[in-house]
Amino acid sequence: MKVLVVGGGGREHAIVWKLSQSRLVDKIYCCPGNAGIAALAECIDVSHNDFSALLDFVKYEWIDLTIVGPEDPLSRGIVDLFEKEGRRILGPTKAAAQLESSKVFCKDLMKTYGIPSAEYKVFTSYLHAEEHIRFKGTPIVIKADGLAAGKGVFIPSTLDEAIDALRLIMKEKIFGPAGDRVVVEECLKGEEASFMAFTDGDTIVPMVSSQDHKRIFDNDEGPNTGGMGAYSPAPVLTGDLEKIAIEKIMRPTIKALRDQGIPYKGILYAGLMIDKGVPYVLEYNCRLGDPETQPVLSRLKTDFMEIAMAITDRRLGDVSIEWKKDPAVCVVLSSKGYPGNYRKGDTITGIDQANSIEGVHVFHAGTSFRDSAVVTSGGRVLGVTATGEDIASAKKKAYDAVGKIHFDGMHFRKDIADRALTR
Ligand code: AMP
Ligand code: GLY
């Protein structure tokens, strides 16, 4: 079969890499892809938001399945369009993707159906929101309603910072219409974990757990990023907690959507906060996490194409999904300046040497070719991922591999997976 993967980051490289091992897949295309993906798939220079070009391509090339990586095309209805045209595509519809694209929709749904999450209020008026924030004081969490590339959540430590955040979202509209409404919510304490599952709308099959590292600097300091590293499994999510998360969180969420006439299929990602053994939902994502996918798919034994086909056929219950025992750790290498303005075009060396270490796979994110050299072209550049017999050995291999790679201005965190080791 022929598959098209939409996107061009580390997550999409991991998806393409898994598909390249599938006995069901003859040819992989990726729009737009990156320098690493180009070794496994034919990269087509089409943006993930150019739906008509993507649809033309799928028709012209007789693509059997399209897999969507990022949230943007999902929230803009790529699945609705492809399905209307009779094309097989993995991901939720626009209505279902509201779970990620509207924090108000998500919070209201969780409240109505008793799914554990932080207390909140929604505001469309700046004045009322300010009054509420002054009344509640800090710590408090302020969220723009719509998609903001992972930057729409503020956790101010002072009242001045809180008012400033509100002004940026609602008055200066730094996220555009995504800031027409805000959610102001209680600040939860505890440890975070990422819990992703495959679902066809009926059957829910959890993936192995993982933990992201959102801040740019060691010890969770500095601004939030898309994610600077991840490891799997996350020991905080014990087997018992996973069961609770499925029964009290995932299953009721899918059912709640179904009750509202919105079937959900694809990947459901719950960002959880675990406080004193109780999981709360911080957010939902309607797609695989980045960089969590890199360690998680590194541990997947089952053919990813078989899972994807089963989801789109609504027979996920027929597939037995198996995982490797060995943990995996992914360290993200980023460009100087990220998550602010960053440099591009620096030559990267040492990727082959890193890949030659047993159990290591370097996933590309923001990379491209200049002549025949691989150069940086994004904020997050590479995700150096290693599996090992325990988290400590996976971590050591990942950092040994990082030591082989160089580009000017290269930045990475040195404490990825330390939390799992110091528990
Ligand atoms: P979100 O985009 O909603 O996942 O939020 C991004 C990050 O903000 C999360 O991964 C948490 O670290 C943090 N966060 C979001 N909501 C809360 C909350 N209610 N309490 C504490 N931290 C939060
Ligand atoms: N790493 C967090 C996310 O994918 O949203």
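Each ligand, and each atom within it, is numbered from 1 in the order the structure gives. What's counted below: heavy atoms across the whole structure, side chains too, no hydrogens, waters or symmetry copies.
Nearest-heavy-atom check against atom 19 (N) of ligand 1 across Lys214, Glu185, Lys151 picks out Glu185. Considering each of Leu282, Asp212, Asn224, the one bringing a non-hydrogen atom nearest atom 23 (C) of ligand 1 is Leu282.
Residue Lys2 places its NZ atom among more than 12 non-hydrogen atoms of other residues, nucleotides or ligands, all under 6.0 Å distant. Environment of NZ in Lys173: crowded, with over 12 heavy atoms of neighbouring residues, nucleotides or ligands closer than 6.0 Å.
Between Glu283 and ligand 2, no pair of N/O atoms sits closer than 3.5 Å. Residue Gly226 has at least one N or O atom closer than 3.5 Å to an N or O atom of ligand 2. In terms of polar-atom proximity, defined here as any N/O pair under 3.5 Å, Glu292 does make such a contact with ligand 2. Every N/O-N/O distance between Cys187 and ligand 1 stays at or above 3.5 Å.
Counting only heavy atoms of the protein, atom 8 (O) of ligand 1 lies nearest to Val153 CG1, 3.5 Å. If you check which protein heavy atom lies closest to atom 2 (C) of ligand 2, you get Asp212 OD2, 3.4 Å. Closest to atom 2 (O) of ligand 1, if we only count protein heavy atoms, is Glu283 OE1, 3.3 Å. Remark: minimum distance from atom 3 (C) of ligand 2 to any protein heavy atom is reached at Arg287 NH1, 3.5 Å. Scanning all protein heavy atoms for the shortest distance to atom 9 (C) of ligand 1 gives Glu192 OE1, 3.6 Å.
The proximity of Arg11 to ligand 2, defined as any non-hydrogen pair under 4.0 Å, does not occur for either the backbone or the side chain. Here Glu71 has no heavy atoms under 4.0 Å from ligand 2, in either its backbone or its side chain. Looking at Glu186 against ligand 1, only its backbone comes within 4.0 Å, counting heavy atoms. If you look at Leu188 next to ligand 1, the close heavy atoms, those under 4.0 Å, come from the backbone and the side chain alike.
For ligand 1 and Lys103, the ligand atoms under 4.0 Å from any heavy atom of the residue are 1 (P), 2 (O), 3 (O). Distances below 4.0 Å separate heavy atoms of Ile155 from the following atoms of ligand 1: 8 (O), 13 (C), 14 (N), 22 (N), 23 (C). Ligand 1 places these atoms under 4.0 Å from at least one heavy atom of Lys143: 3 (O), 15 (C), 16 (N). Applying the 4.0 Å criterion to heavy atoms of Gly289 picks out, from ligand 2, the atoms 4 (O).
Geometric assessment of Lys255 against the ring of Tyr113 yields a negative cation-pi assignment under the 6.0 Å and 45° thresholds.
Counting only N and O atoms by type, the side chains of Arg88 and Thr312 include a donor and acceptor under 3.5 Å apart.
Of the residues listed (Glu12, Glu100, Glu292), the one engaging Arg287 in a salt bridge (charged side-chain N to carboxylate O under 4.0 Å, His left out) is Glu100, and it is the only one. Of the listed residues (Glu119, Glu185, Glu186, Glu283), just one forms a salt bridge (charged side-chain N to carboxylate O under 4.0 Å, His left out) with Lys107, and that residue is Glu185.
In this structure the side chain of Met110 reaches within 4.5 angstrom of the side chain of Val281, judged on heavy atoms.
With respect to Glu221 and Arg215, no salt bridge is recorded, no charged nitrogen being found less than 4.0 Å from a carboxylate O. At a threshold of 4.0 Å, the pair Asp400-Lys404 does not count as salt-bridged, since none of the basic side-chain nitrogens sits closer than that to a carboxylate oxygen.
Under the side-chain contact (heavy atoms from CB on, under 4.5 Å) criterion, Gln98 pairs with Ala95, Ser101, Phe105, not counting sequence neighbours.
Within the model, atoms CG of Leu90 and CG of Asp200 stand 11.0 Å from one another, a figure rounded to the nearest 0.5 Å.
Residue Gly227 places no heavy atom under 4.0 Å from ligand 2.
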Check the pair Glu42, Tyr29 against side chain to side chain donor-acceptor pair (under 3.5 Å), reporting the backbone distance first and the verdict last. CA-CA 5 Å; Glu42 189 173 329; Tyr29 297 90; 4.6 Å; no
